[in-house]
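Note sheet for the following structure.
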Amino acid sequence: MFRKITFLPTLGALVLAISGTAPLLAQPAAPEGSKPVARADVPVSARMGMHVGALVMEDLRQFVTDDKTLGSLYLRMLILAKQEAIGASCAAYELDQKRMVAMMMRTMRPLSEGVEPDVATSHLQRALRQYNTLLGGELAVFAYDPGAYCDAGKTLFKELGEYSEADSMLVLKPTG
């Protein structure tokens, strides 16, 4: 299933759909004349990712009230969690720890801007807990279908590697 998915457009669409003004867990109106998709027809790996993502968004929304900041934070956390899972689980890649720390710092920076230090600490702790929830979800998806997950990791690596150095969120490097 993962082999057919291109990560970045899919992630972008997911963030846009979740960060809209509709309640987080409300189902959007189906297009006219369409039938709802049965839960059993949605691939297990997709259901796993959507469930974990919805839980993370629900918690983040409690303290990140700006939809643009929320969407950006979630997308960055998800891309980093996917890469960390790929680096930990797929033999072809490893995590570049230095780049990971720098990217995580940039990702979390908006949570501490313009707030008291104790509030910033609380926000950062909560966001890191949710990052670890995303990472756990990604590791579960890997465990469900390791081959497909690592194949999808190759696509993600290629897509992230196509960005310029300054804009890249790539924190993976090939092994060897």
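Owing to the predicted nature of the structure, the values given are computational and were not obtained by experimental measurement. What's counted below: heavy atoms across the whole structure, side chains too, no hydrogens, waters or symmetry copies.
- Side chains of F63 and S122 form no contact here, defined as non-hydrogen atoms less than 4.5 Å apart.
- Residues meeting the side chain to side chain contact (heavy atoms under 4.5 Å, CB included) test with V42, sequence neighbours left out: V37, A46, R47, M50.
- For the pair T175 (side chain) and A91 (backbone), a donor-acceptor distance under 3.5 Å is present.
- The minimum heavy-atom distance between L156 and Q83, with the atom names listed, is CD2-CG, 4.0 Å.
- Smallest separation of non-hydrogen atoms from Y74 and G53: OH-CA, 3.1 Å.
- Listed by first then second residue, pairs satisfying disulfide bond (SG atoms under 2.5 Å apart) with a partner in residues 62-137 read C90-C150, not counting sequence neighbours.
- Side chains of Y149 and E138: a donor on one and an acceptor on the other come within 3.5 Å.
- Screening residues 127-136 for side-chain hydrogen bond (donor to acceptor under 3.5 Å, both in side chains), with sequence neighbours left out, gives D59-Q130, E84-Y131.
- Remark: L128 CG to L135 CG distance equals 11.5 Å, nearest 0.5 Å.
- Looking only at distances, no side-chain donor or acceptor of E94 sits under 3.5 Å from a matching main-chain atom of I86.
- If you chain together hydrophobic residues whose side chains sit under 4.5 Å apart, L70 and L124 fall into the same group.
- Put simply, CG on L134 and CE on M57 are 10.0 Å apart, with the number rounded to the nearest 0.5 Å.
- Evaluation of the side chain to side chain contact (heavy atoms under 4.5 Å, CB included) rule for Q125 yields T121 as partners, not counting sequence neighbours.
- With rounding to the nearest 0.5 Å, the separation of CG in L80 from CE in M104 is 5.0 Å.
- Not one N or O on the side chain of R126 forms a donor-acceptor pair closer than 3.5 Å with the backbone of L60.
- Side-chain contact between M100 and M103: absent, with no pair of heavy atoms (C-beta onward) separated by less than 4.5 Å.
- How far OG of S72 is from CG of D67: 12.0 Å, rounded to the nearest 0.5 Å.
- Partners of E116 by side chain to side chain contact (heavy atoms under 4.5 Å, CB included), not counting sequence neighbours, listed by chain and number: D118, V119.
- Distance check: L139 CG to S89 OG gives 5.0 Å after rounding to the nearest 0.5 Å.
- Considering NZ of K98 and NZ of K173, their distance stands at 10.5 Å, rounded to 0.5 Å.
- Residues meeting the side chain to side chain contact (heavy atoms under 4.5 Å, CB included) test with T69, sequence neighbours left out: V64, D66, P110.
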